[in-house]
Amino acid sequence: ERFVKAGNIVFDIGAHVGFYSLLGAEIVGVTGRVYAFEPLPRNFSYLKKHIQLNGYRNIIPIEAAVSKSGGRAFFSETEENSSTGRIVEQGDFEVTVMSLDEESINGGLPRPNILKIDVEGNELAVLEGSQKMIRHARPLIFLSTHSNEAHQKCSNFLEELVYKLQNLNTADFIAIPDKIKI
């Protein structure tokens, strides 16, 4: 909350049913926007319902996964928890996949101030497909990793882009660009 400001552009990547999207929309206010990316159709349906029920007009829901490049990918969901679906080589169904770099170049997305990434193991692919946008926009990044290996690879990737990392716990951290003072 202390990093998100009125008028900010927030990308909620792995929005699930919208908890952080709704919180972000409240903070950024009518002059800001939240782009909520969610590929799982059931979650996306709930996301849209939550946006509507709460009357937010500053949330743009996007039914897609974010990864290294655009196209289609297999997706698998677990029966016990709707928040743990992920891109896999062989999955239950196909979803639309987009790269933030490709969408930014095409003019489909603005430059974000904040990225929140929680994508159940596809974190590095999201960062790799957003590298140009990250270099130019220098957003603050909230990242949830889902393995020690992913945590280390994402940390190394962001440190190469001159981000300072602040661990929140063993899986989650904030990546702070040099333009933001903490």
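Positions are given from 1, in the same order as the sequence printed here. Every value quoted in this text rests on a predicted model; they were computed, and no experiment measured them.
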Quick one, Arg33 with Ile60, criterion side chain to side chain contact (heavy atoms under 4.5 Å, CB included). Give me CA distance, side-chain angles, the key distance, then yes/no.
CA-CA 7 Å; Arg33 294 284 175 270; Ile60 296 91; 3.5 Å; yes
CA sep, side-chain torsions, deciding dist, call: Leu124, His151, side chain to side chain contact (heavy atoms under 4.5 Å, CB included):
CA-CA 9 Å; Leu124 186 60; His151 188 88; over 6 Å; no
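Checking side-chain atoms of Ser99 against main-chain N and O of Asp101 turns up a donor-acceptor pair under 3.5 Å. The closest donor-acceptor contact from the side chain of Thr145 to the backbone of Ala171 lies under 3.5 Å. Counting only distance, with no hydrogens or angles, the side chain of Lys5 and the backbone of Arg2 share a donor-acceptor pair below 3.5 Å. Looking only at distances, no side-chain donor or acceptor of Asp118 sits under 3.5 Å from a matching main-chain atom of Ser144.
Distance check: Met98 CE to Leu109 CG gives 5.0 Å after rounding to the nearest 0.5 Å. Taking CG of Leu143 as the reference point, atom CD1 of Ile174 lies at 11.0 Å (rounded to 0.5 Å). In this structure, the separation between OG on Ser130 and NZ on Lys68 is 11.5 Å, given to the nearest 0.5 Å. Distance check: Asn8 CG to Ile114 CD1 gives 5.0 Å after rounding to the nearest 0.5 Å.
Under the side-chain contact (heavy atoms from CB on, under 4.5 Å) criterion, Pro39 pairs with Ala65, Phe75, Val95, not counting sequence neighbours. In this structure Glu149 satisfies the side-chain contact (heavy atoms from CB on, under 4.5 Å) test together with Ser147, Lys153, sequence neighbours excluded.
For the pair Val17 and Phe19, the minimum side-chain heavy-atom distance is 4.5 Å or more. In this structure the side chain of Tyr163 reaches within 4.5 angstrom of the side chain of Pro139, judged on heavy atoms. Between Tyr35 and Pro110 there is a side-chain heavy-atom pair separated by less than 4.5 Å. Within the 4.5 Å cutoff, no side-chain heavy atoms of Gln52 are placed close to those of Leu47. Residues His50 and Tyr56 are not in side-chain contact: their nearest non-hydrogen atoms beyond the backbone lie 4.5 Å or more apart.
With no hydrogens or angles considered, no side-chain donor-acceptor pair links Glu102 and Asn106 at under 3.5 Å. Side-chain atoms of Asn122 and His146 include no donor-acceptor pair closer than 3.5 Å. Between the side chains of Thr96 and Arg72, at least one donor N or O sits under 3.5 Å from an acceptor N or O.
No salt bridge links Lys164 with Asp178; every basic N to acidic carboxylate O contact stays at or beyond 4.0 Å. Salt bridge annotation for Asp12-Lys116: present, with a cationic side-chain nitrogen under 4.0 angstrom from a carboxylate oxygen.
Atom OH of Tyr20 sits in a sparse spot, with 12 or fewer heavy atoms from other residues, nucleotides or ligands closer than 6.0 Å. Within a 6.0 Å sphere centred on OH of Tyr46, heavy atoms belonging to other residues, nucleotides or ligands number 12 at most. Within 6.0 Å of the CD atom in Glu94, the count of heavy atoms belonging to other residues, nucleotides or ligands exceeds 12.
Connection of Val30 to Ile27 is not established within any shared hydrophobic cluster, with ILVMFWY side chains joined at heavy-atom distances below 4.5 Å, either directly or through further cluster members. Hydrophobic clustering (side-chain heavy atoms under 4.5 Å, transitive across Ile, Leu, Val, Met, Phe, Trp, Tyr) groups Val10 together with Leu168. A single hydrophobic cluster is seen to contain both Val28 and Phe3, as judged by linkage of ILVMFWY side chains at heavy-atom distances under 4.5 Å, directly or through other members.
Scanning both residues, Ser69 and Val97, for their nearest heavy atoms gives O-CG1, 3.3 Å. Closest approach of Pro112 to Met133, counting heavy atoms only: CD-SD, 3.1 Å.
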